[in-house]
Every structure is written in structure tokens, then in C-alpha cells.
Amino acid sequence: MVEKIAHKLTRRPRLVALVALLMLIPSALGYVATRVNYDILTYLPQDLESSQGERLLEEPFHMAATSMLIVEGMPAAYTNSLIQDIQKVPNVSNAVWLSNAVGIQIPVDFIPAGLRDMFYAGDATMLIIQYGKSGADEETMEAIQAVRDLCNEKCFLAGFSVVIKDTKDLVDRELPVYVGLAVLLSLVAMALTMESTVLPLVFLGSIGMAIVYNFGSNVFLGQISYITQAIAAVLQLGVTMDYSIFLYHRYQEEKTRYTDKRDAMTQAIVAAFVSLSGSSLTTIAGFLALCFMRLTLGRDIGIVMAKGVVLGVATVVLVLPAFLLLFDKQIEKHRHRSLLPEFTGVNAWIVRHRKGLVALFLLLFPPALYAQSHAEVYYKLDEALPQDMASIVANNKLKDEFDMATSHFALLRDDLPATDMNQMENAVREVEGVTSVLSYHAMLGTGIPDFFIPEQVRDMLKQEGYQLVMINSEYATASHQVSAQLEELNAILKQYDPGALITGEAALTNDLIDTSAVDFQVTNYISIAAILLIVAWVFRSLTMPVVLVAAIELAIFINQGIPYFTGTVIPFVSPTIIGCVQLGATVDYAILLATRFREELRNGKDRLEAIQIAGRASDGAIITSSLVMFCATLGVGLISEIEIISSICTMLARGALISALVSIFLMPAVLCACEPLFQRTSFQWRQPPAKQETDQEQPQTAEIS
């Protein structure tokens, strides 16, 4: 069946290329129609109390997004005029200042100090602005920009929704640079390691189409995260380049056996389909392991990248052959000598020092594991952004001038007795780090008659049986202090209303910390188990998968442990993603070496000779593959101002090199030492399989070569 399809594809390469190009049109439309989510906190499990509270803020309170506008050194007339203009902005549901919070009939000097200090600090005053949609909604971002357009240089718009808006703007500016730099550096890597100047361009064109297909098909997911959008293209480029290299090398091999290059390509397609459908399983398993995170950001990245690998394999098998046939003359015309050195001396040295290298392999585990488990991570999302960003500057002013490092939103029944509300609010104010409390009851408690409270303020604080209490804190989000504060506040609120909920950036981030700690363990175990099973099936061995996975896990431990030795604090999501992606993407290096090692043993070689031959045959492919992955991700890691993206890509680039070094220098010694064990615990380890099985396994001997 595969051979028949391959035969038809190779007879009409122009038609195949035309269809592939035409499919870019709906893919591009799908890409444009796919929404991008810039709020990581929306990926928290929806059964958490903080998530439930966030939904209540959105409906019925229409306060899913709230920002604070600081106005410095301007007269009250300007602020009054400004707030009236802000209230007219589409999707601004409410805008509150002290004058309209208590009614313009009440002179400012008559307002109690506690309430007045919440809105005034020196010559600065604060306005609270609420939006009708969530902070990650496009309409909210448009409203934030409209509010900024109304303000002068003495106005500073703060709040988490404003940070989301600035993140979007930054990603939109940087994304074209990410892709362009990845393409440029990948071209450099391929020019150094391949034997034709035209071939890298053909490969990049084919992979570029696969990337567009992948991004276009994301429309069926509804939305993707900005992290996925930023890293998926460069990661897909780095991961799936191996498949193109294998198809081309197999094509070159088959050309020596056939006079018609179309027949040679037909056989290459058959070999590629059999090999890559098995080889890609480890990469897909690594990505799909992310889908088991409770933080559904992992599912977002995992589905998009697993889909990207599948589409990458499909493009290599169905589309790339047409382009290779069409450009075959140009590829051959511009051939040059490969710049990769011979590895005969290196592999001979490795064999001579194999005992010391096995000892080094074992000795590296304890310090690498210790460093990996003690590397510090942070969860405060705005720490991953440039500190001169307008929203970050405004948030710092809010903290310094108004003692509002963060704001908690408590939701309670609105029928609580006044005495209970008095006791509860007094207890809340006594909690360490709480700077102010704003509630409907607190306003009435100042002696202001109920009919003086404007309707818009009542609507802000009371809706459909719930009342909202805004609790401001001097503690920063994701700090130990705010975590303890939230625990104490939650205990107080539930004394008076067992169904009370606390939400806001700090509460959501606190749940993010707890969720991620579990996710890190779960995804790592699942990815390791899945890849162990796949490798066990490929090699029909009980011990080979343990050795191969252990080798790549060592590379992962070293990669994740480097921040410990450098004193670098990394974003919380980086270790989880790296643990799955580096394992799935680079275990092929070890599989390639082990497969060739087994093949040479079956050909009658002793283990020392077999490992040297396997090393010589595999090292060039491993270096090419790791260099492409390194170059595709390094540029993003170096230039991105968003540290979450920068950290993930830097660790992916570094991880590709570390995995390659472990596979080239340590794996041969370990495989050689463990060969007697493999022979006892594997099916047909040295015995050549039957003819049919040989034909099926043969392509696996050069999975990424």
C-alpha cells in the first residue's frame, strides 16, 4: 500500500508540490483565526477555589480584569474629566475614584483617613478601572490601549491585565525575529554539516510548510498560549529536521541501485515511512506527556507539538520527495565537501578509555541530580518580563506609593449581618501585610448614608447574592508571606461564610505553585515510562531501554542543574517542559547509536569493533541533528526579552548539545560495558532476524542519519 502511494507521488512531483503550496492558503487563514491566550493563570484547573472566584468576578461582577490608574501631580479637575472619558471607553464596565465612590457631595477632608489613604498618596491619586471581559480578551486589551491614549505622561496604568497587554505587544514584536533568526542559524548549521548549498533551502522550505500546516490546524483547538506560539515553530524546526535528513540520505543510497531516480525515491519513501513512524513515537510520547499536567498549559504545548511532529513526518513522506526530485539537478550541481571531521580517532580513544568513561557516567549522576533538584525557580509572572515595561513600572509605583503589591478579591454572601461584617473586616485589617480593605459595608460604616453611594459603586461591590471585598496587601505575589497571608485570610472569611472564595493574581499564583509541583513529577514519570515501553518494543529488550533513557536523563539532570551552579533562578515552567521535550527529542541520538551497535554485532563483529563502527556511522548524524536543534532555539534564547520564552529555548539549545555529548562520548562506553547484559535480557540480540524482519528493521539503523 505504502509503495503504491509512493510510486504515484514520485510520478507527479509538480502536482504534489502545487497541492502542497495551495494547502498553505487555508493553513494561513487558520493561523490568523486562531486566538492567542496571553494569560497563563487561565490554564489553572477550573475546580480550584481561586478559579471559581475568577469566574464570579467575570460574571456577574464583570470584574474579570481590573487595573489601577495612578495620576501624579494633576489637579482634581483633570482627574474628574479623565474618569468621565474612561467610563465612555468601550468594554470599560466601571471606573471608580474617591469622588464618585462616596459621592461628590462628601468633601474629601470629611472622608475617614483609612478610606482616603487608599485612593491618595502624596500628590498621587488612584482610580480603579474594571473591564467587561477577561484580562486575556482582545476587547480588554483594546480598552486598555484606549485608556492609555486618554492619559498624559503623568498617568501610570497598573494591574495584571495591563501586564498581559504589554506581554502581547512584546511577543508580537519579537515573534518574526524568533523565526527569522532560527531559520538563519539553522541554515548556517546545515551549511557546515551538509554536502550541498541548495539542500538546506529545500529542507527549510518543506519544514516551513509543515510548520504553517501545524499552526493553521490550531484553529480547531480554539486558542493556543503565547508560549506555545513563540516556541512551537522553532521547536518543530529543530525536532523534525532529522526526518528530512534521513529521507535524503536514504534517497542517495537508493540512487546507486536504480537508474530511474523516481524509483529510487519510491524506495526511500517506503523506508522513511517505516522508520520515521517508529522513530517519531519517542518524540510524540515526550510531548504528549505534557498533556497530563493539571496546568493545561502543558496540554496546549503538548498537543500542538505532537501534532507538529505528525505533520512533520507526513510532510517528509508526502511533500519533500517531490521537491527533492524537482531540485535534484540543482542539489547535485552545488555539492561541496562536508566540513564534519572524521571520528575514527575519537571512537578509538573512547574504546581505550571505556572503563574510565563508564565510571564518569556513574559519578556524574549524584551531583547532577542534586543540582537539578535544588535549582531555584520563580512563579511571579511579571519577573519574566522587562522591568522597564510600562505596566511593570506602574505596578512598582502602586507598590511603593500605595502599599499595594497585590490585591485579593474576596467573594461572600451579601446577606451577612452587619455585626459579622464588622468583626470580619476588623480581623482582616489585623492580618499582617494587609494595607486596606474596600467593601460596601466599609463605606456605609464610615457614616455615609446608603442613598449617597452611587449605583455604579453598588454594582461593583454587590451582584446577584454576592458581595465583593477588595483586600490590598503589601506582600508581593508568589512570596512566602503572601501565601501565609492568603491562608490566614481564607480561615477568617470561612468563619463567617463557609462558601467564601478568594481570588486575584496572588491567589491564582499560589495555586499555580501547588499545581506545578505535582505536574513536574507526574509528567516526568509518564514521559519516562512511555519512552521506556517504546524503546523496549523497538529493541525487544528489558535492559536496553533503561540504559538509553538513563543516558538522556543524565543529560537532562545536567541541563536542569546548571542554573544551580550559576546561581540563576528560572521560570517555574521551564524544568517541566525541558524534562519531557529533551527526553523525547534527543533519545533518538542514543537509539541511533544502539541500533547500529546491534546491527554490527549481528554481522559478526565483537563488541569493541562494533561500537567503533557504530560511533563512526552515528556521530556525524548526531552532531548535525543537535546543531540544528541548538541553532533553531539558541537565537530565541538570546534575544527574547520574555524570560519564560528565553529560558525554555536556552535550556533546549543547551540540552541538545549535552545530549549529543553524552551520546557521543559516554554512551559507547556504557553500551560496550553492558553488552553481555543486553545479550541475556534481549530477544535475538546477536542473532540475525528472519529476512522479512530484517527488511522491516533495516531503516531503523539510520533513524536520524
Side-chain angles (χ1 to χ4, degrees), residues 56-58 60-72 74 76-108 110-121 124-133 135 140 143-144 146-148 150-151 155-162 394 397-398 401-404 406-411 414 425 435-446 448-463 466-472 504:
L56 283 175
L57 283 185
E58 186 169 350
F61 282 94
H62 303 293
M63 278 188 62
T66 301
S67 60
M68 278 64 73
L69 179 62
I70 301 170
V71 181
E72 290 185 339
M74 298 300 294
Y78 171 84
T79 310
N80 267 322
S81 174
L82 178 61
I83 197 170
Q84 290 172 17
D85 291 338
I86 290 173
Q87 289 170 340
K88 298 174 185 176
V89 171
N91 204 45
V92 169
S93 60
N94 208 351
V96 177
W97 187 38
L98 190 58
S99 63
N100 66 344
V102 298
I104 58 174
Q105 301 92 337
I106 307 297
V108 173
F110 284 13
I111 297 172
L115 191 59
R116 187 172 65 241
D117 290 346
M118 181 176 174
F119 288 90
Y120 283 96
T125 187
M126 182 187 68
L127 293 71
I128 300 175
I129 304 171
Q130 301 160 334
Y131 306 93
K133 300 284 182 71
T140 300
I144 289 170
V147 170
R148 278 180 164 166
L150 293 172
C151 298
C155 298
F156 303 88
L157 194 60
F160 189 61
S161 55
V162 189
K397 281 185 173 290
L398 195 66
E401 298 179 14
F402 290 87
D403 287 331
M404 286 177 59
T406 189
S407 296
H408 311 308
F409 297 95
L411 295 145
D414 68 353
E425 288 173 1
T435 58
S436 60
V437 178
L438 176 64
S439 70
Y440 190 77
H441 174 268
M443 287 185 173
L444 294 178
T446 62
I448 300 172
D450 182 70
F451 61 85
F452 273 172
I453 304 295
E455 184 178 353
Q456 61 181 3
V457 177
R458 281 198 296 270
D459 290 343
M460 179 181 78
L461 299 174
K462 280 195 172 188
Q463 283 286 345
Y466 289 97
Q467 60 177 314
L468 176 66
V469 179
M470 184 176 176
I471 305 168
N472 295 316

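Since the model is a prediction, treat every value here as computed from it, not as a measurement.
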Report task. Work out which heavy atom in Asn472 is nearest to a heavy atom in Ser407; give both atom names and the distance. Result -> OD1-OG, 2.7 Å
Query - Side-chain heavy atoms of Tyr466 within contact of Asp414, under 4.5 Å - result: no
Report summary line: Value for OG (Ser161) from NZ (Lys133), rounded to nearest 0.5 Å, stands at 14.5 Å
Query raised in the report: Looking at CG of Asn94 and CD of Gln87, how far apart are the two atoms once the value is rounded to the nearest 0.5 Å?
Result: 7.0 Å
Report summary line: For Val469 and Ser439 the tightest heavy-atom approach is CG2-CB, 3.9 Å
**Report entry** Nearest-0.5 Å distance that lies between atom CG in Asn80 and atom CE in Met74
**Finding:** 12.5 Å
Report task. With the side chain counted from C-beta on, respond yes when Gln463 and Leu56 share a heavy-atom pair under 4.5 Å apart, and no when they do not. Result -> no
Requested in this report: Sort out for me which residue in Ile128, Val162, Leu57 forms a side chain to side chain contact (heavy atoms under 4.5 Å, CB included) with Thr66.
Outcome: Ile128
Query - Check: Ile129 and Val89 side chains under 4.5 Å, non-hydrogen atoms - result: no
Report summary line: To the nearest 0.5 Å, atom CG of Leu82 lies from atom CH2 of Trp97 at 9.5 Å
Query raised in the report: Can you name the closest pair of heavy atoms from Ala394 and Ile70 and give their distance?
Result: O-CD1, 3.9 Å
Requested in this report: Check whether any side-chain heavy atom of Val96 sits under 4.5 Å from a side-chain heavy atom of Leu127, and report yes or no.
Outcome: no
Query raised in the report: To the nearest 0.5 Å, what is the distance between OG1 (Thr125) and CD1 (Ile83)?
Result: 9.0 Å
Requested in this report: Under the side-chain hydrogen bond (donor to acceptor under 3.5 Å, both in side chains) rule, collect the residues that match up with Gln84, sequence neighbours excluded.
Outcome: none
Requested in this report: Applying side-chain contact (heavy atoms from CB on, under 4.5 Å), run through Met126 and Leu398 and close with a yes or a no.
Outcome: CA-CA 9 Å; Met126 182 187 68; Leu398 195 66; 3.7 Å; yes
Query - Non-neighbouring partners of Gln467 that pass side-chain hydrogen bond (donor to acceptor under 3.5 Å, both in side chains), sequence neighbours left out - result: none
Requested in this report: Measure the shortest side-chain to side-chain distance between Leu69 and Phe156 over non-hydrogen atoms and say whether it is less than 4.5 angstrom.
Outcome: no
Query raised in the report: Less than 4.5 Å apart, any side-chain heavy atom of Ser436 and any of Phe402?
Result: no
